[in-house]
Amino acid sequence: AWADQLGEAVSSADGWRRAFDSAVDNAREFAEEVSEASEIADLFDKVDKVCRGGKRKRSLESWVLARHLRDVAAEASDRFQRVSAGRFVFTVVESGEDESGEDEPPGLVHLEVTDHFNGDTREVGSLSGGETFQASLSLALGLADTVQQGQGGMRIDSLFVDEGFGALDVDEGALEVAIDALSDLQEGGRTVAVISHVKDVKDRIATGLEVVKTNRGSHIDPESAGV
């Protein structure tokens, strides 16, 4: 009887040992899976922190936008310098300390203009009406050029300019310079459509349509097809 009981005890102990060994193996496998998952989670966390940035670090999104803004500003500056008779170019300014001494969020960038006549760099809002029109036209063309370069040579062949000519000073030649810039685009193969009420602009347009306003509404003057 004692031998039978001893054999049963040994058999039970052996079963417990196998169960314990299996539990240990499962625990080790689980620990390895947890370790791998933890490494992946740490990697995801690092990627997330890089993308989001932080108080002292620029986010990936702001870095990409800043890079594109610099590309646009470089193309637009060439245009702006020509239409402003060599006076203005765009300058990309990164965030820094403001007047209150508090740090701005890192990575923020904005455009300012550098005046080659006096060497100052100032806010775009300080430009006159005519200068603002020149800046807007230059930025639009710079953006179009940048998009073309980034799309495998895809051309943007059409450009619509809606008003803004009235702010240009005719006596100082600003209007003439702007029209010449648009004419250069047309000669380069682009279609340029201009919407304006300024007579000097109308006189420079070889082909166009004139919209006539009456008490019965507006209509296109059929005789203006050759204007």
Side-chain angles (χ1 to χ4, degrees), residues 1-80 89-114 121-126 135-160 162 190:
W2 285 103
D4 292 340
Q5 293 177 355
L6 180 61
E8 291 177 359
V10 171
S11 178
S12 296
D14 187 59
W16 292 339
R17 181 185 59 78
R18 288 196 301 269
F20 177 77
D21 289 342
S22 177
V24 170
D25 291 339
N26 290 335
R28 287 173 178 171
E29 291 178 1
F30 180 73
E32 291 176 358
E33 292 176 356
V34 169
S35 178
E36 293 177 0
S38 178
E39 291 177 0
I40 294 175
D42 289 342
L43 178 60
F44 284 163
D45 183 60
K46 291 178 181 178
V47 172
D48 180 67
K49 287 180 179 179
V50 170
C51 293
R52 291 177 179 271
K55 187 176 181 181
R56 297 293 181 182
K57 292 183 179 180
R58 169 184 295 183
S59 68
L60 177 62
E61 179 184 9
S62 66
W63 183 87
V64 172
L65 292 175
R67 175 61 183 271
H68 281 295
L69 181 60
R70 285 188 173 86
D71 291 341
V72 172
E75 296 291 337
S77 288
D78 291 338
R79 306 274 188 180
F80 199 13
V89 294
F90 291 105
T91 300
V92 178
V93 180
E94 294 194 27
S95 61
E97 290 192 349
D98 58 20
E99 294 180 357
S100 64
E102 298 179 355
D103 290 338
E104 297 178 0
L108 294 181
V109 294
H110 64 277
L111 283 179
E112 293 187 355
V113 292
T114 297
T121 297
R122 49 193 171 95
E123 294 182 357
V124 177
S126 65
S136 300
L137 177 61
S138 300
L139 281 173
L141 297 175
L143 179 60
D145 292 339
T146 304
V147 170
Q148 287 183 175
Q149 295 171 7
Q151 295 296 326
M154 180 189 72
R155 285 185 55 81
I156 298 178
D157 293 322
S158 300
L159 175 69
F160 285 84
D162 186 3
R190 282 178 173 166

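We're numbering straight along the sequence, starting at 1.
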#### Entry: Working for side chain to side chain contact (heavy atoms under 4.5 Å, CB included), residues L111 and V92
CA-CA 5 Å; L111 283 179; V92 178; 3.8 Å; yes
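The two atoms that bring A76 and S138 nearest to each other are CB-O, 3.4 Å, heavy atoms only.
Take F80 and apply the ring-ring contact (aromatic ring centres under 6.0 Å, His included) test, not counting sequence neighbours, and it matches F88, F90. With sequence neighbours left out, D145 forms a salt bridge (Lys or Arg N to Asp or Glu O under 4.0 Å) with R79, R190. When the side-chain contact (heavy atoms from CB on, under 4.5 Å) test is applied to S136, the partners found at least two apart in sequence or on another chain are T132. With sequence neighbours left out, the salt bridge (Lys or Arg N to Asp or Glu O under 4.0 Å) criterion links D45 to K49. Residues that satisfy the side-chain contact (heavy atoms from CB on, under 4.5 Å) test with D25, not counting sequence neighbours, are R28. Applying the side-chain contact (heavy atoms from CB on, under 4.5 Å) rule to S126 yields the partners R122; only residues at least two apart in sequence or on another chain are considered.
Atoms OG and CG, from S77 and L139 in turn, are 8.5 Å apart once rounded to the nearest 0.5 Å.
Side-chain contact between N26 and E29: present, with at least one pair of heavy atoms (C-beta onward) separated by less than 4.5 Å. Residues E75 and D71 are not in side-chain contact: their nearest non-hydrogen atoms beyond the backbone lie 4.5 Å or more apart.
With S38 contributing its side chain and V34 its backbone, the two residues share no donor-acceptor pair below 3.5 Å. In this structure, T146 contributes its side chain and G142 its backbone to a donor-acceptor pair below 3.5 Å.
Just one residue in the list E32, E39, E33 forms a side chain to side chain contact (heavy atoms under 4.5 Å, CB included) with S35, and that residue is E39.
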